[in-house]
Amino acid sequence: MTRDEILKYYSANYHDYSKIKLMLNRIVDEHEEEIQTLHKKLNPSKEIKIQESKNELLQKQQTEIGRIVNLFDVKRKSIQANFVRVEYRNVDGEYLLRKHLHETQRTPQMFIDAIQWLFSKNPKAGFHREYIMNIGNLIKHFNTLEHQSMHSQESIQYSEEAQVWANVYKKKGFSDQVILEKLREGGYLE
């Protein structure tokens, strides 16, 4: 049915709107594929760009999460050569981390920092290393690790007296390595 036929019918039967609506719906259904291709031809850039940006973001996030899980495994294997990570109920560690990051809005860098601290030479970190054997436990105890790492004595940024001395040494033009040595000599760092 053409547009002219629809208009003629509508002008003859203007009081029967439901029939006109049914006819138009039938015509749209018959030509839906053609309408979709025309719509894509008219607006190709928006849909493609949005889909590409979503794919890039997802791919970037997946690689960061994979890097975090691999970092944990490598650090654990450096301590325990035959280590094989086993998650609770055999759930994938990347899946657990991706879900946790989505729910809490934490960043992958926060977990990289937590893993670096967990496998540092800090005695407090050594205590936590004993029972954090998989990503699930890392997620479960993340708040504790974050708190412990912020208030550890080896962290310059959270010790007020060490921060003051570090600023004095920076003003004198000392390099970061020399500043660390001076702070250790003064007993501000372990």
Side-chain angles (χ1 to χ4, degrees), residues 49 52-190:
K49 286 181 182 177
E52 287 176 358
S53 62
K54 285 181 181 177
N55 289 342
E56 288 174 9
L57 182 64
L58 183 63
Q59 202 170 33
K60 181 180 176 186
Q61 187 180 23
Q62 287 176 345
T63 57
E64 287 177 351
I65 291 170
R67 249 190 17 218
I68 293 168
V69 173
N70 287 338
L71 177 66
F72 180 84
D73 290 345
V74 166
K75 294 284 190 177
R76 177 56 72 183
K77 284 181 183 179
S78 69
I79 296 171
Q80 186 179 0
N82 60 350
F83 173 74
V84 176
R85 180 176 39 83
V86 178
E87 297 293 340
Y88 179 68
R89 293 189 179 178
N90 293 325
V91 178
D92 185 34
E94 288 184 32
Y95 169 77
L96 288 172
L97 195 55
R98 187 177 304 110
K99 182 179 171 187
H100 179 75
L101 291 176
H102 178 72
E103 290 172 353
T104 62
Q105 301 301 317
R106 288 182 172 146
T107 63
Q109 186 61 42
M110 294 170 101
F111 276 90
I112 290 172
D113 293 341
I115 292 170
Q116 294 290 359
W117 182 82
L118 181 65
F119 292 98
S120 68
K121 293 182 180 182
N122 189 315
K124 292 180 182 179
F127 170 75
H128 295 291
R129 263 195 312 269
E130 297 299 319
Y131 63 86
I132 296 179
M133 302 296 273
N134 57 33
I135 300 299
N137 283 338
L138 179 67
I139 292 169
K140 182 178 176 183
H141 299 288
F142 181 81
N143 287 339
T144 305
L145 294 178
E146 188 175 43
H147 180 74
Q148 291 285 325
S149 68
M150 283 174 41
H151 298 290
S152 66
Q153 289 182 356
E154 73 179 23
S155 177
I156 299 172
Q157 59 186 347
Y158 295 105
S159 171
E160 291 178 33
E161 197 172 0
Q163 186 66 46
V164 170
W165 280 107
N167 289 337
V168 168
Y169 293 139
K170 280 184 183 179
K171 287 181 181 178
K172 288 185 177 181
F174 291 15
S175 69
D176 289 341
Q177 187 64 29
V178 174
I179 292 172
L180 286 174
E181 290 174 14
K182 292 252 185 209
L183 290 175
R184 282 191 187 102
E185 289 173 8
Y188 299 109
L189 298 177
E190 291 180 356

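What you are looking at is a predicted structure, and each value in this text was computed from that prediction instead of being measured. We're numbering straight along the sequence, starting at 1.
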Checklist line | Which residues share a side-chain hydrogen bond (donor to acceptor under 3.5 Å, both in side chains) with Lys170, sequence neighbours left out | finding: none
Margin query: Just verifying a value: how many Å separate Lys182 NZ and Lys172 NZ, rounded to the nearest 0.5 Å?
Written below: 7.5 Å
Next item on the list: For Glu130 and Met133, work out which heavy atoms get closest and say how close.
Entry: O-SD, 4.1 Å
Check: Taking all non-hydrogen atoms of both residues, which atom of Leu101 and which atom of Pro108 are closest, and how far apart?
Finding: CD1-CG, 4.1 Å
Check: Hey, what's the ring geometry for Trp117 with His128, parallel, tilted or perpendicular (30° and 60° as the breaks)?
Finding: tilted
Next item on the list: Just do the side chain to side chain contact (heavy atoms under 4.5 Å, CB included) check on Glu94 and Leu96 with the steps written out, would you?
Entry: CA-CA 5 Å; Glu94 288 184 32; Leu96 288 172; over 6 Å; no
Note to self: With a sphere of 6.0 Å drawn around CZ of Phe83, does it hold more than 12 non-hydrogen atoms of other residues, nucleotides or ligands?
What the structure shows: yes
Note to self: Tell me every residue that passes ring-ring contact (aromatic ring centres under 6.0 Å, His included) with Phe119, counting only those two or more places apart in sequence or in another chain.
What the structure shows: Phe72
Notebook entry, point to check: Got Phe111 and Leu138 here, is their nearest side-chain heavy-atom distance under 4.5 Å?
Noted result: yes
Notebook entry, point to check: Is the side chain of Arg76 donor-acceptor paired with the backbone N or O of Arg129 at a distance under 3.5 Å, no angle test?
Noted result: yes
Margin query: Suppose the criterion is salt bridge (Lys or Arg N to Asp or Glu O under 4.0 Å): which pairs have a residue in residues 77-89, not counting sequence neighbours?
Written below: Asp73-Arg85, Arg85-Glu87
Notebook entry, point to check: Distance from Gln105 atom CD to His100 atom NE2, nearest 0.5 Å?
Noted result: 10.5 Å
Notebook entry, point to check: In chain order, what residues pass the side-chain hydrogen bond (donor to acceptor under 3.5 Å, both in side chains) check against Gln109, with sequence neighbours excluded?
Noted result: Asp113
Item checked: Residues forming a side-chain hydrogen bond (donor to acceptor under 3.5 Å, both in side chains) with Asn167, sequence neighbours excluded -> Gln163
Next item on the list: Please examine the side chains of Ile179 and Gln177, heavy atoms only from C-beta on, and report whether any two atoms are closer than 4.5 Å.
Entry: no
Next item on the list: First locate atom CZ of Arg67, then atom CG of Asn70, and finally report the distance between them rounded to the nearest 0.5 Å.
Entry: 10.0 Å
Note to self: Please find the pair of heavy atoms, one from Asn134 and one from Val86, that lie closest to each other, and give the distance.
What the structure shows: ND2-O, 2.9 Å
Margin query: Could you measure the distance from the OG1 atom of Thr104 to the CD1 atom of Ile139? Nearest 0.5 Å is fine.
Written below: 8.5 Å
Check: Would a 4.5 Å heavy-atom cut-off, applied to side chains only, mark Trp165 and Leu183 as touching?
Finding: yes
Note to self: If you define the side chain from C-beta out and look only at heavy atoms, does anything of Lys75 sit under 4.5 Å from Leu118?
What the structure shows: no
Check: When rounded to the nearest 0.5 angstrom, what distance separates NE2 in His141 from CD1 in Ile132?
Finding: 5.5 Å
Check: Roughly how far, to the nearest 0.5 Å, is the CG atom of Asn122 from the CZ atom of Phe127?
Finding: 12.5 Å
Check: For Asn90, which residues count as a side-chain hydrogen bond (donor to acceptor under 3.5 Å, both in side chains) partner, sequence neighbours excluded?
Finding: none
